[in-house]
Protein chains: 2
Amino acid sequence: MTAATPKGERRRQALVEAAADLLVDGGFDAIRHRAVAERAGLPLASTTYYFDSLEELVTAALEFQGNAELAYGKARLDELDPRECGGDAFVELVLDLLLGPSGDRDAEAVLLRYERLVATGRRPYLRPLMRRMSGELHALLFDIFTRAGQPVSRERVEELIALVDGAVVNALIEISPDPRAAARRMLRKAMQPR
Amino acid sequence: MTAATPKGERRRQALVEAAADLLVDGGFDAIRHRAVAERAGLPLASTTYYFDSLEELVTAALEFQGNAELAYGKARLDELDPRECGGDAFVELVLDLLLGPSGDRDAEAVLLRYERLVATGRRPYLRPLMRRMSGELHALLFDIFTRAGQPVSRERVEELIALVDGAVVNALIEISPDPRAAARRMLRKAMQPR
DNA sequence: CCCAATCTGGCACTAGCGTACCAAATTAGT
DNA sequence: ACTAATTTGGTACGCTAGTGCCAGATTGGG
């Protein structure tokens with residue numbers, strides 16, 4: 001179902017944003033009709049009125065969140081000054097794109113990015129969306145490397161992404177997970193000139 | 001709660017195995033009191049009698065499954081003939097250890113191994129167990145490389161594992177996921193002599 | 001053999017879920 | 001302004017979940 005009126009559109013959007021919020025701090029399982037409605041300050045039935053099913057709501061939330069992240073990445077690309085791309089600063093830039101900007105709750109913020117990769121395994125309906133977003137992220141990274149004067153092949157981009165992703169998922173089981181630090185270590189080693 | 005009688009111990013074990021089965025083909029969310037009891041052919045209440053909580057049952061199931069995988073890895077190590085360790089065969093061996101033996105339903109079988117890494121992010125109670133199993137797996141791989149006449153540093157083992165893991169999670173979003181193939185590609189490239 | 005400990009298993013409670021329903025309110029097109 | 005379409009929101013249904021309860025069966029130690 002899609003809204004036909006401006007106010008309806010606003011309400012629908014409020015639901016999507018509420019769902020995205022829940023997604024970020026509780027994962028996919030946190031997106032429930034009642035929780036979304038409550039967070040958006042709307043009645044329960046509005047969630048079924050604007051979305052035919054939970055899957056649709058989950059998809060919309062994921063898309064919203066993913067687009068926000070991609071927009072952030074594009075902004076970073078646009079403001080990129082090729083002269084200020086020293087090794088360490090560049091590594092941090094790549095980490096910002098792949099894991100989100102560094103914050104005080106890294107582990108939590110990063111978790112969702114990997115939950116959704118794995119969750120896609122059991123939720124085939126997310127695959128088209130995930131593929132699109134993943135493709136855009138890869139392209140973005142490719143551009144970043146090029147713009148920064150460190151051109152790489154697309155294959156190399158995939159390698160570096162895999163390295164970061166693998167480092168992250170393995171870091172999640174630590175007592176005090178610090179996935180960003182683990183990824184940083186791997187990335188620095190892989191990118192240092194040989 | 002722990003069993004005190006032989007029969008009780010057998011029942012408890014049956015529940016653990018039933019839970020592990022469910023874990024493998026439905027993920028963590030598939031471990032429910034009723035589902036476990038039904039699969040084990042036991043009454044619902046037996047699940048709460050032998051396990052104080054679902055968390056305990058989940059933990060036991062994961063440990064059982066993980067130990068089975070580690071045992072498989074150790075068996076492969078023991079039967080390893082250093083002379084038959086050509087490049088490709090060796091890559092397959094490493095993949096067997098990290099992803100499980102190759103089968104016709106790779107994607108499904110592999111999924112659980114990554115679900116549990118990520119799930120640990122939101123289930124801190126699994127961390128000690130995951131750390132132990134992860135540590136043993138790393139050690140096992142280290143031994144395998146050594147025994148195969150390709151000694152590596154522990155750091156290098158971590159790198160290769162990260163590479164494989166990253167390749168896998170990124171492969172899960174494909175229309176027809178083939179995580180093993182993706183991991184194989186990355187691993188071959190990383191291991192080819194330079 | 002007996003009795004205390006252990007185990008059994010049917011049942012019911014509460015909570016939360018997705019979803020359906022529908023009268024009332026609001027909005028949009030003419 | 002009028003009417004048809006859309007939106008609203010309170011409510012209820014059916015289901016499954018985790019868990020508590022407890023009379024009875026089974027078992028093991030002395």
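All values below were derived from every heavy atom in this structure, side-chain atoms included, with hydrogens, water molecules and symmetry-related copies excluded.
Defined by atom type and a distance below 3.5 Å, a donor-acceptor pair is missing between the side-chain atoms of Gln13(B) and Glu9(B).
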N/O-N/O pairs, protein side and nucleotides 20-24 of chain D side, under 3.5 Å:
none

Show the distances under 3.5 angstrom between N or O atoms of the protein and N or O atoms of nucleotides 22-24 of chain C.
none

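Judged by distance alone, the side chain of Arg116(A) and the main-chain N or O of Phe28(A) form no donor-acceptor pair under 3.5 Å. In terms of modelled atom types and a separation under 3.5 Å, the side chain of Arg39(A) and the main chain of Glu17(A) share no donor-acceptor contact. Between the side chain of Arg113(A) and the backbone N or O of Leu98(A), at least one donor-acceptor pair lies under 3.5 Å.
Atom CZ in Arg10(B) sits about 15 Å away from atom P in dT26(D), given to the nearest Å. Rounded to whole Å, atom P of dT19(C) lies 10 Å from atom CG of Leu57(A). Rounded to a whole Å, the CD atom of Glu38(A) is 11 Å from the P atom of dG16(C). Nucleotide dG9(C) holds its P atom 17 Å from the CZ atom of Arg12(B), rounded to whole Å. Rounded to a whole Å, the CG atom of Leu42(A) is 11 Å from the P atom of dG10(D). Computed from coordinates, the Tyr49(A) OH to dC21(C) C1' distance equals 14 Å when rounded to whole Å.
Glu38(A) has its side chain out of reach of Arg32(A): every pair of non-hydrogen atoms, C-beta onward, lies at least 4.5 Å apart.
An OP1 or OP2 oxygen of dT8(C) is reached within less than 4.0 angstrom by a side-chain nitrogen or oxygen of Tyr50(B). Note on Arg11(B): a side-chain N or O is less than 4.0 Å away from OP1 or OP2 of dT8(C).
Between Arg127(B) and Glu174(A), none of the side-chain N atoms (NZ, or NE/NH1/NH2) sits under 4.0 Å from a carboxylate O, so this pair counts as no salt bridge. Salt bridge Arg122(B)/Asp25(A): absent, no basic N to carboxylate O contact under 4.0 Å. Ion pairing between Glu155(B) and Arg185(A) fails under the 4.0 Å rule for side-chain N and carboxylate O. Note on Arg123(B) versus Asp29(B): salt bridge recorded, some NZ/NE/NH1/NH2 to OD/OE distance being below 4.0 Å.
A 6.0 Å sphere centred on CZ of Arg154(B) holds no more than 12 heavy atoms belonging to other residues, nucleotides or ligands. Around the CZ atom of Arg132(A), the shell of radius 6.0 Å holds more than 12 heavy atoms that belong to other residues, nucleotides or ligands.
Across the interface with DNA chain C, nearest-nucleotide mapping of Ser46(B) and Leu54(A) shows Ser46(B) to be the residue nearer the 5′ end.
For the contact set between residues 22-35 of chain B and DNA chain D, defined by any heavy atom under 4.0 Å, the members are Arg32(B), His33(B), Arg34(B).
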